Every structure is written in C-alpha cells, then in structure tokens.
Number of protein chains: 2
Amino acid sequence: MICDEGVMSERQSPGGQSLLFLTDEQLRKGIEAMFFAYRGFTADPDRILNKYGYGRAHHRALHFISRAPGTTVNNLLSILGVTKQSLNRVLRTLIEDELVESRVGTRDKRERHLFLTDAGTALEQELSDAQRERMRQAYREAGPEAVQGFRTVLEAMMDHDMQRHFTRMKDSGHD
Amino acid sequence: MICDEGVMSERQSPGGQSLLFLTDEQLRKGIEAMFFAYRGFTADPDRILNKYGYGRAHHRALHFISRAPGTTVNNLLSILGVTKQSLNRVLRTLIEDELVESRVGTRDKRERHLFLTDAGTALEQELSDAQRERMRQAYREAGPEAVQGFRTVLEAMMDHDMQRHFTRMKDSGHD
DNA sequence: TTGGAAAGTCAACAACACTGACATAAAATT
DNA sequence: AATTTTATGTCAGTGTTGTTGACTTTCCAA
C-alpha cells in the first residue's frame, strides 16, 4: 500500500522557488477529485434545467450572456468553444422562449447583440443561486486559504486562450 | 465596476472559527474558473481518445477499472453515476476491442469482475500520463499550499455519496 | 463593385446520456 | 421446493449536445 496522503512534499531551492515532488498517486487523486467535484458542481443546476426542459448548454449561454450583456454571437462562440451550429440551436430555443433577446448591431448590423429578458434573468438567477450556494458551502467548509489555493490551481489548469477570456472578465465584468 | 479581486475578506470570531464574506461576484468567478478549468482538464485526454475512436465515457471506465482492478459492474455503475445501459455500451466496445477483460465471479457467479488487458493498461497509461502532466504543471505553477487548498475545496464540493467513494479509494486504492 | 466576414439555416451524423421492457442466471429467502 | 431478489446484459426508442459540410443572406470595407 502506497502512502500518499498528508502535506505535499516540498523543498526550497537556493533560488527561493519551491520544488514539488508529486507521486502519480497524488496526481490521480487530484484527477478524481476534479471528476467528482465537477459532478457536484453541475448537479443542482441540472435538476433545475431538467424542470424547464433545458440542458447544460442553455445554462452556459444564459450565464455568459448575463455576465456580458450585449455580447455578440461570435464572442460567445469563442468563450464556449463550440460550433456556431451547436450554439445556434440553443440560442434559437432561448430566443423563441423569450429568455434571450437578439438585437441587430447599430455600428455593425451583421452582429447580433444578446441580452436576457426579464424571464431569462429570472431563470439565470435561479440557476446561479443554486450553483453559488453549493460553491459558498464548499468555500465555507474549506476555509479562506483553501479558496485562494483552489482558484490558483484552477487558473493554472485552464488552456491559455481560456485564461485570456477569464482574465478579461475578471478585470471588467465584460468584453 | 465592482472590485472583487484580492484576498478573501475574513474575520476571526471569538470561538476561533473564521467567517467568510463572499460576494456573489467572487462566487461567480469560482464558477467560471471551474468551467474553464474542467475544459482544460479534459482537453488532452479528449484528443488522445479521438485518435482511437473512443470518448470520455471510455476514459472514465478505463480509469476506474485501472484504479480498482476486479471491480464489479455494479460498483462501477455507482461510481460513474450512469445507467447500466449507458455503461454497458462502453464496456462492450472495450471488451470487444480487448482492452478490458470481464471474468465471472468465483464466489458469486452473477458478478462480473473487470480487469484491464495489457492493451487496456497501455491506453489508460497514455491517457493518464497526459492528464497527470496537465495536473502536475498546474500544481507546479500554483505551489504546494495552493494544491492543498484545491483538494480541500473540491472535496467539499462533491455530493456526499461521492465523497464516500472518493474517501474509500483514498484509503485502500480499491473497494 | 467585389471580396470576405458575420450570422443563420439545413441536413446528416455521432457520442452519450436517458427510459422502459425483457431475458437469464444465480443467490437469497420464504 | 418455490419464490423473490440481485446482477448483468440486451433491444428499442428518445433527447441533448456536440460535430462536418454546404449554402444563403447581409453588409462592411478595400
């Protein structure tokens, strides 16, 4: 039996940078933690979405439109990382159901700017409330130092281009 | 513009437990970080799987069989949280392709115990190597304290029943 | 005015989840 | 011994979400 728990082994190099010695076993634990945690992370919204006949893709669209009102379809595409056909199917239903409004751009009339309607805002709130509550609970259990570390590791785990999207939104709340 | 970055606000209560004051904005950042990080987390294995004509579901099966050799179908079902029909589709192809071996139980002949073949072990290794490398890199960038916090928050974010699975595997490497 | 970018549409397809119904074998219970 | 429960597998159908490829419309810009 391999002992892999407890505090990470660590050594201070002469330059001051700390070196980590991580066993494959420790890394596997991290991988499984991500898998199980992500399931917990999406469980609550999934239940709500199911109630209304929507899926995770609808949630993601609502979230990022809520986050950056007036965002264009193209911008949303690059954030979500799916094809326009895939996003369009989702957006179409949201627009038909009057949760999202699509306004033709004033400067560039090819672009469509996306906004949540009152109904869209309401659903986004319901989803967001549930997910934030789970996050808040996890943060509370883990404590402030853990939260800091959590965010740091997650940012390092993103693809670089996604870090860009993430950072942009951190700075200004929209792009 | 809302300022939401920097260190978490925190206060020491008389009892010694620290209270967290988290804005909705801070929690949203955590939510988005999870979203983007999970994409990065699965990106490398997804590319490899695509090469062999497999999907994420195959990866999960290979991972947990590798993790707990001889596990039963039922046990795998409860870990993965999918229906038996869904798991069976995946297992069938893996067994046909001779990546997984299914042995009838000795004590209880209804049960099937699952094992990776040499080929299965090889693919699992290839997937695992890629994913561990991403994890290792993120850990390295974030530092040891961050890693500890990362794991703590993830565990708190899981559903309780999944925490059980996770803890079991932490203790013994299998169940 | 012509080229190309942005947006949308249609069709086909695949992965992966679901439900429901049913079959088989073996263990457990009555 | 008969019945029920458990474990597994299978068939058929459905839904969400992703993909490619082809095509059109709109409209900015060189």
Side-chain angles (χ1 to χ4, degrees), chain A residues 35 38-39 42-43 45-65 70-97 100-114 127, chain B residues 35 38-39 42-43 45-65 70-97 100-115:
Chain A
F35 171 67
Y38 198 79
R39 276 240 302 260
T42 54
D46 281 353
R47 266 186 291 274
I48 296 167
L49 289 159
N50 195 41
K51 207 172 58 176
Y52 294 99
Y54 293 122
R56 239 176 246 184
H58 299 88
H59 184 190
R60 290 197 283 267
L62 290 174
H63 175 97
F64 286 108
I65 294 171
T71 187
T72 63
V73 173
N74 244 14
N75 182 41
L76 208 50
L77 280 178
S78 73
I79 289 175
L80 296 175
V82 295
T83 58
K84 62 175 178 173
Q85 292 91 331
S86 194
L87 175 59
N88 199 256
R89 196 192 311 118
V90 168
L91 280 182
R92 191 164 43 209
T93 68
L94 291 175
I95 292 168
E96 278 171 7
D97 297 352
V100 168
E101 194 192 343
S102 170
R103 294 185 205 151
V104 174
T106 48
R107 216 183 47 197
D108 184 338
K109 291 176 187 169
R110 290 168 303 181
E111 294 180 340
R112 304 298 146 96
H113 298 273
L114 302 169
L127 293 164
Chain B
F35 170 67
Y38 198 78
R39 276 242 301 262
T42 54
D46 281 353
R47 267 187 291 273
I48 295 168
L49 289 159
N50 196 39
K51 206 172 59 175
Y52 294 99
Y54 294 122
R56 240 175 246 183
H58 300 87
H59 184 190
R60 290 196 283 265
L62 290 174
H63 175 97
F64 286 108
I65 294 171
T71 187
T72 63
V73 174
N74 244 10
N75 182 41
L76 208 51
L77 280 177
S78 74
I79 290 174
L80 295 175
V82 295
T83 58
K84 61 173 180 173
Q85 294 92 329
S86 195
L87 175 58
N88 198 256
R89 195 195 314 117
V90 167
L91 279 182
R92 193 163 43 205
T93 68
L94 291 175
I95 291 168
E96 277 171 8
D97 296 353
V100 167
E101 195 193 342
S102 169
R103 295 184 207 153
V104 174
T106 50
R107 218 183 45 196
D108 186 335
K109 291 177 187 169
R110 290 171 304 180
E111 295 181 339
R112 303 299 145 92
H113 297 275
L114 303 169
F115 299 88

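Everything numeric here is computed off the predicted structure, so don't read it as measured data. Just so it is clear, the values below take in all heavy atoms, side chains as well, and ignore hydrogens, waters and symmetry mates. Just so it is clear: chains get the letters A, B, ... in the order the sequence lines come, proteins before strands, and each one is counted from 1.
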>> Checking side-chain contact (heavy atoms from CB on, under 4.5 Å) between B/P45 and each of B/R56, B/H59, B/H63, B/R60, which is the one that passes?
In response: B/H59

Spacing of [X] atom [atom1] relative to [N] atom [atom2], expressed in whole Å:
X	N	atom1	atom2	value
A/R107	C/dA5	CZ	C1'	14 Å
A/R103	C/dA7	CZ	C1'	18 Å
A/E111	C/dG8	CD	C1'	15 Å

> If only atom types and distance count, is the side chain of B/S86 paired as donor or acceptor with the main-chain N or O of B/T83 below 3.5 Å?
Replying inline: no

>> Tell me if a side-chain donor or acceptor on B/T42 pairs with a main-chain N or O of B/Y38 at a distance below 3.5 Å.
In response: yes

Side-chain donor-acceptor pair under 3.5 Å between [X] and [Y], yes or no?
X	Y	value
B/D97	B/Y54	yes
A/R112	A/T72	no
A/T93	A/H58	yes

> Looking only at side-chain N and O atoms, does A/N88 come under 4.0 Å of OP1 or OP2 in C/dA7?
Replying inline: no

> Can you find a side chain N or O atom of A/R92 that sits less than 4.0 Å from OP1 or OP2 on C/dT9?
Replying inline: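 Yes.
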
> For DNA chain D, whose closest nucleotide is more 5', that of A/V104 or that of B/H113?
Replying inline: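 Its nearest nucleotide being more 5', the pick is B/H113.
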
Could you go over nucleotides 16-25 of chain C and give all protein N or O partners under 3.5 Å, atom names and distances?
{"from": "C/dC16", "atom 1": "OP1", "to": "B/R56", "atom 2": "N", "distance (Å)": "2.7"}
{"from": "C/dC16", "atom 1": "OP1", "to": "B/A57", "atom 2": "N", "distance (Å)": "3.3"}
{"from": "C/dA17", "atom 1": "OP1", "to": "B/R60", "atom 2": "NH2", "distance (Å)": "2.4"}
{"from": "C/dA17", "atom 1": "O5'", "to": "B/S86", "atom 2": "OG", "distance (Å)": "3.2"}
{"from": "C/dA17", "atom 1": "N7", "to": "B/R89", "atom 2": "NH2", "distance (Å)": "2.7"}
{"from": "C/dC18", "atom 1": "OP2", "to": "B/T83", "atom 2": "N", "distance (Å)": "2.6"}
{"from": "C/dC18", "atom 1": "OP2", "to": "B/T83", "atom 2": "OG1", "distance (Å)": "2.8"}
{"from": "C/dG20", "atom 1": "O6", "to": "B/Q85", "atom 2": "NE2", "distance (Å)": "2.7"}

>> If you apply the rule side-chain contact (heavy atoms from CB on, under 4.5 Å), what do you find for A/F64 with A/L80, and how did you get there?
In response: CA-CA 9 Å; A/F64 286 108; A/L80 296 175; 3.7 Å; yes

> Cation over ring, B/R103 on B/F115, under 6.0 Å and within 45°?
Replying inline: yes

> Between which nucleotides of DNA chain D, read 5' to 3', does contact with chain A run, using atoms under 4.0 Å from its heavy atoms?
Replying inline: D/dT16 to D/dC28

